[in-house]
Amino acid sequence: MPYTISEIIVLFFIYSIIGWLWETCYCSIKDRHYDYRGFLFGPYCPIYGFAVTTILICTHDVQNNIFLLFIVGIIVATLFEFVASLFLEKVFHIRLWDYSKLWGNIQGRVAPVISLFWGVGVVFLVKFIQPFVQSLVNIEERDTHGWLAVGITIVMGIDTILTIISVERFHTTTRMWDEHINSFIERVRVRVESRMSEKGKLKVGDWHHSVIQHFNELRPQPLSWNHKRFLRSFPKLKVLDAPKFMEIKKDILKKES
């Protein structure tokens with residue numbers, strides 16, 4: 001093992017913060033409004049921490065060969081991204097990114113152009129960023145003797161538990177919205193049908209508009225701050241067990257603002 005356990009934890013934490021800063025700045029500029037990125041409550045994205053520490057360990061023996069570093073970086077990063085997407089979908093029933101519109105994508109989870117980006121990123125990371133970060137980790141290891149790693153584990157562990165609880169509530173809330181929306185659509189259909197003449201053609205109209213127009217009739221459980229953050233910060237977010245809710249999420253957010 002090229003790194004000690006405490007080094008891996010601290011590296012994981014540092015790159016989780018760097019990943020959060022990168023995503024928050026990039027997405028805020030792209031979307032023209034502040035996006036508080038990250039799956040957890042804190043200002044860090046564990047997926048970057050896991051990915052970078054995995055890459056550093058797997059590429060340790062080829063870091064002096066740029067071509068091999070590039071190839072191994074592509075393979076490891078792509079596999080990690082695929083597994084992470086699958087994990088989020090199977091465990092939390094959500095999708096945070098979708099590459100379905102990119103050429104050569106696999107189930108919308110990974111795509112060649114993204115993998116090439118990761119390959120270049122890995123080379124830049126190992127050659128230019130990691131030496132500086134490692135020097136900071138060496139100082140930390142010398143001064144705290146691994147206690148910082150213990151603190152990081154406790155803080156992020158608690159954050160993970162709270163996030164899991166929040167996500168479960170999010171699913172409960174979105175399913176309730178879905179049930180209310182479906183119920184409302186049925187009430188609209190019955191109302192329209194009862195007022196139609198026998199020769200008239202049944203036309204419920206735009207249910208999307210009707211649901212928003214009669215928003216107060218729904219009265220489902222309101223969205224929490226964290227739930228609203230998920231919806232605003234992840235425009236490609238999909239809640240697989242609440243399709244109707246996802247179709248009108250922007251309008252619901254406007255009404256709840």
For Ile161, the rest of its hydrophobic cluster, which grows through side-chain links under 4.5 angstrom: Ile165
With sequence neighbours excluded, tell me which residues meet side-chain hydrogen bond (donor to acceptor under 3.5 Å, both in side chains) with Glu168. none
Could you list the residues that satisfy side-chain hydrogen bond (donor to acceptor under 3.5 Å, both in side chains) with Glu140, not counting sequence neighbours? Thr144
If hydrophobic residues (ILVMFWY) are linked whenever their side-chain heavy atoms come closer than 4.5 Å, directly or via other members, who joins Leu136 in its cluster? Phe132
Contacts of type ring pair (Phe, Tyr, Trp, His ring centres under 6.0 Å), residue Trp147, not counting sequence neighbours: none
Residues at least two apart in sequence or cross-chain that pass ring pair (Phe, Tyr, Trp, His ring centres under 6.0 Å) with Tyr15, listed by chain then number, are none
Those residues at least two apart in sequence (or on a different chain) that pass side-chain hydrogen bond (donor to acceptor under 3.5 Å, both in side chains) with Ser135 are none
Do any side-chain atoms of residues 62-75 form donor-acceptor pairs under 3.5 angstrom with protein atoms, and if so which ones, sequence neighbours left out?
{"from": "Asn65", "atom 1": "OD1", "to": "Phe67", "atom 2": "N", "distance (Å)": "3.2"}
{"from": "Asn65", "atom 1": "OD1", "to": "Leu68", "atom 2": "N", "distance (Å)": "3.1"}

Got a sec, which residues hit side-chain hydrogen bond (donor to acceptor under 3.5 Å, both in side chains) with Tyr36, two or more places apart in sequence or on another chain? none
How does the hydrophobic cluster around Leu86 look, that is, which other residues are in it when side-chain heavy atoms under 4.5 Å mark a link? Phe82, Ile106, Val110
For residues 111-122, which side-chain N or O atoms pair as donor and acceptor with protein atoms under 3.5 Å away, sequence neighbours left out?
{"from": "Ser115", "atom 1": "OG", "to": "Thr78", "atom 2": "OG1", "distance (Å)": "2.7"}
{"from": "Ser115", "atom 1": "OG", "to": "Ala111", "atom 2": "O", "distance (Å)": "3.2"}
{"from": "Trp118", "atom 1": "NE1", "to": "Glu81", "atom 2": "OE1", "distance (Å)": "3.1"}

Sorted by chain and number, sequence neighbours left out, side chain to side chain contact (heavy atoms under 4.5 Å, CB included) with Ser166 holds for Phe41, Asn226, His227
